[in-house]
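Both backbone and side-chain heavy atoms feed into the values below; hydrogens, waters and symmetry mates do not. The model shown is predicted, which means the values in this text are computed figures rather than measured ones. Each ligand, and each atom within it, is numbered from 1 in the order the structure gives.
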Amino acid sequence: MAFENLLITNKGRIQYITINRESKLNALNAVTLAELHTAFTGAFANPDVGGIIITGAGPKAFIAGADISEFVNLNAHTGRELAQNGHTKVFDLIANGSKPVIAAINGFALGGGLEMAMACHIRIASDNAKLGLPELTLGIIPGYGGTQRLTQLVGRGKALEMIMTSDMVTAADALQFGLVNHVVSPEELLTKAEELLNKILKRAPLAIASAITAVNAATRSDVNGFETEISEFSKCMGTHDFKEGVAAFLEKRPAEFKGE
Ligand code: COA
């Protein structure tokens with residue numbers, strides 16, 4: 001399927017989703033958000049895709065935020081719809097996806113761009129990346145999960161500092177306070193993302209999905225995370241992959257997981 005603002009490429013079991021609006025620093029307009037919903041829904045359903053790397057086109061930006069030019073006519077009512085739809089159709093879809101999603105942050109990750117990176121399961125930044133939630137400069141607050149996910153990742157004090165000052169932080173600082181997992185040179189960014197994802201993809205696919213569900217439960221107030229863990233653990237034990245994993249260990253050979 002051809003998209004207006006996304007490039008989709010496959011490399012083995014990895015699918016790249018690249019935001020392709022370089023002239024607007026890959027800002028998320030309505031078309032791009034709708035395409036992201038379609039692309040991620042497709043990637044999660046496609047048995048040939050094991051995991052996803054999301055990045056931005058060009059050397060300058062991962063995503064410089066929501067497209068501010070589309071904010072002009074918004075009001076309290078349409079703003080609620082915008083945020084609610086964004087949560088459900090894109091950001092929560094990614095965060096709760098059954099396959100690992102890595103953000104390869106190749107430059108500015110601002111506003112909705114940082115919120116996108118934070119919805120992903122792992123973040124790798126190039127050493128020239130700048131990250132921030134500058135929404136307060138526009139008279140609003142982050143609306144795509146930023147207040148919640150930033151607080152979960154870096155703690156309340158640092159989250160409030162970043163959000164209230166609207167300051168950008170460097171990749172090195174982001175690494176130091178846990179906002180990104182790794183920082184590498186721009187040349188190494190995709191290699192590092194692929195290396196990490198390929199290692200994950202050697203593990204049992206259904207157990208990867210269960211790990212995402214159980215870890216995410218730690219960030220939710222509507223479920224008991226320990227109960228979720230017990231339930232996901234028992235689900236894993238009912239899989240063919242569990243039998244294969246144990247047999248492979250005992251037979252001293254690599255496991256061949258089928259996701260069954
Ligand atoms: N929405 C819409 N357009 C955006 C955008 C956004 N979030 N971020 C950048 N652009 C556009 C610019 O308007 C410009 O378009 P133009 O060439 O048609 O005028 C183009 O992308 C290049 O951006 P520019 O501002 O010229 O680049 P810069 O290097 O001088 O500055 C930034 C880079 C990221 C610091 C600056 O673009 C910026 O502050 N962007 C907005 C970030 C933001 O507040 N995001 C949160 C939104 S909620």
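- Minimum heavy-atom separation, Ala209 to Ser98: CB-O, 3.5 Å.
- The existence of a salt bridge linking Asp92 and Arg149 is confirmed by a sub-4.0 Å separation between a basic side-chain nitrogen and an acidic carboxylate oxygen.
- The pair Arg253-Glu244 meets the salt-bridge criterion, since a charged nitrogen lies less than 4.0 angstrom from a carboxylate oxygen.
- Of the heavy atoms in Glu135, only side-chain atoms (C-beta onward) come closer than 4.0 Å to ligand 1.
- Short contacts between ligand 1 and Phe108, defined as distances under 4.0 Å to a heavy atom of the residue, involve ligand atoms 33 (C), 34 (C).
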_Check against side chain to side chain donor-acceptor pair (under 3.5 Å), Ser69 and Asp67_ = CA-CA 5 Å; Ser69 68; Asp67 191 317; 2.5 Å; yes
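- Every atom of ligand 1 is numbered from 1 in the order shown, and the set under 4.0 Å from a heavy atom of Asp67 is 1 (N), 2 (C).
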*For the pair Thr219 and Asn216, evaluate side chain to side chain donor-acceptor pair (under 3.5 Å) and give the outcome as yes or no after the intermediate values.*
CA-CA 5 Å; Thr219 65; Asn216 282 354; 5.2 Å; no
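- When the options Pro134, Ser69, Gly111 are ranked by their closest heavy atom to atom 43 (C) of ligand 1, first place goes to Pro134.
- With respect to Lys11 and Glu194, a salt bridge is recorded, a charged nitrogen being found less than 4.0 Å from a carboxylate O.
- For atom 26 (O) of ligand 1, the protein comes within 4.0 Å by no heavy atom at all.
- Among all protein heavy atoms, the one lying closest to atom 17 (O) of ligand 1 is Ser23 O, 4.4 Å.
- Across every non-hydrogen atom of Ala171 and Ser126, the tightest pair is CB-O, 3.4 Å.
- Taking only nitrogen or oxygen atoms, main chain and side chain alike, Ala66 reaches within less than 3.5 Å of ligand 1.
- Less than 4.0 angstrom separates atom 21 (O) of ligand 1 from at least one non-hydrogen atom of the protein.
- Using a 4.0 Å threshold on non-hydrogen atoms, atom 48 (S) of ligand 1 counts as touching the protein.
- Distances from atom 31 (O) of ligand 1 to the protein include no heavy-atom value under 4.0 Å.
- Environment of CD in Glu256: sparse, with no more than 12 heavy atoms of neighbouring residues, nucleotides or ligands closer than 6.0 Å.
- Here Ala27 has side-chain heavy atoms under 4.0 Å from ligand 1, and that is the only part of it that gets that close.
- Nearest to atom 37 (O) of ligand 1 by heavy-atom distance, out of Asn29, Leu25, Ile63, is Leu25.
- Close approach of ligand 1 to Lys60 is summarised as follows: ligand atoms under 4.0 Å from at least one heavy atom of the residue are 27 (O), 28 (P), 29 (O).
- Every atom of ligand 1 with a heavy atom of Leu110 under 4.0 Å away is listed here by number and element: 34 (C), 42 (C).
- Summarising the contacts of atom 4 (C) of ligand 1 with Lys130, Glu70, Glu22, Lys24, the nearest heavy atom is found in Lys24.
- Note that atom 6 (C) of ligand 1 has protein non-hydrogen atoms nearby, at separations under 4.0 angstrom.
- The ligand atoms of ligand 1 that sit less than 4.0 angstrom from a heavy atom of Leu138 are 48 (S).
- Considering backbone and side-chain atoms together, Met168 places no N or O closer than 3.5 Å to any N or O of ligand 1.
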*Please test Asn75 against Thr78 for side chain to side chain donor-acceptor pair (under 3.5 Å), starting from the C-alpha separation and ending with a verdict.*
CA-CA 5 Å; Asn75 56 40; Thr78 52; 3.1 Å; yes
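- Atom CG of Leu201 and atom NZ of Lys99 lie 10.0 Å apart (nearest 0.5 Å).
- Inside a 4.0 Å radius of atom 12 (C) of ligand 1 there is not any protein heavy atom.
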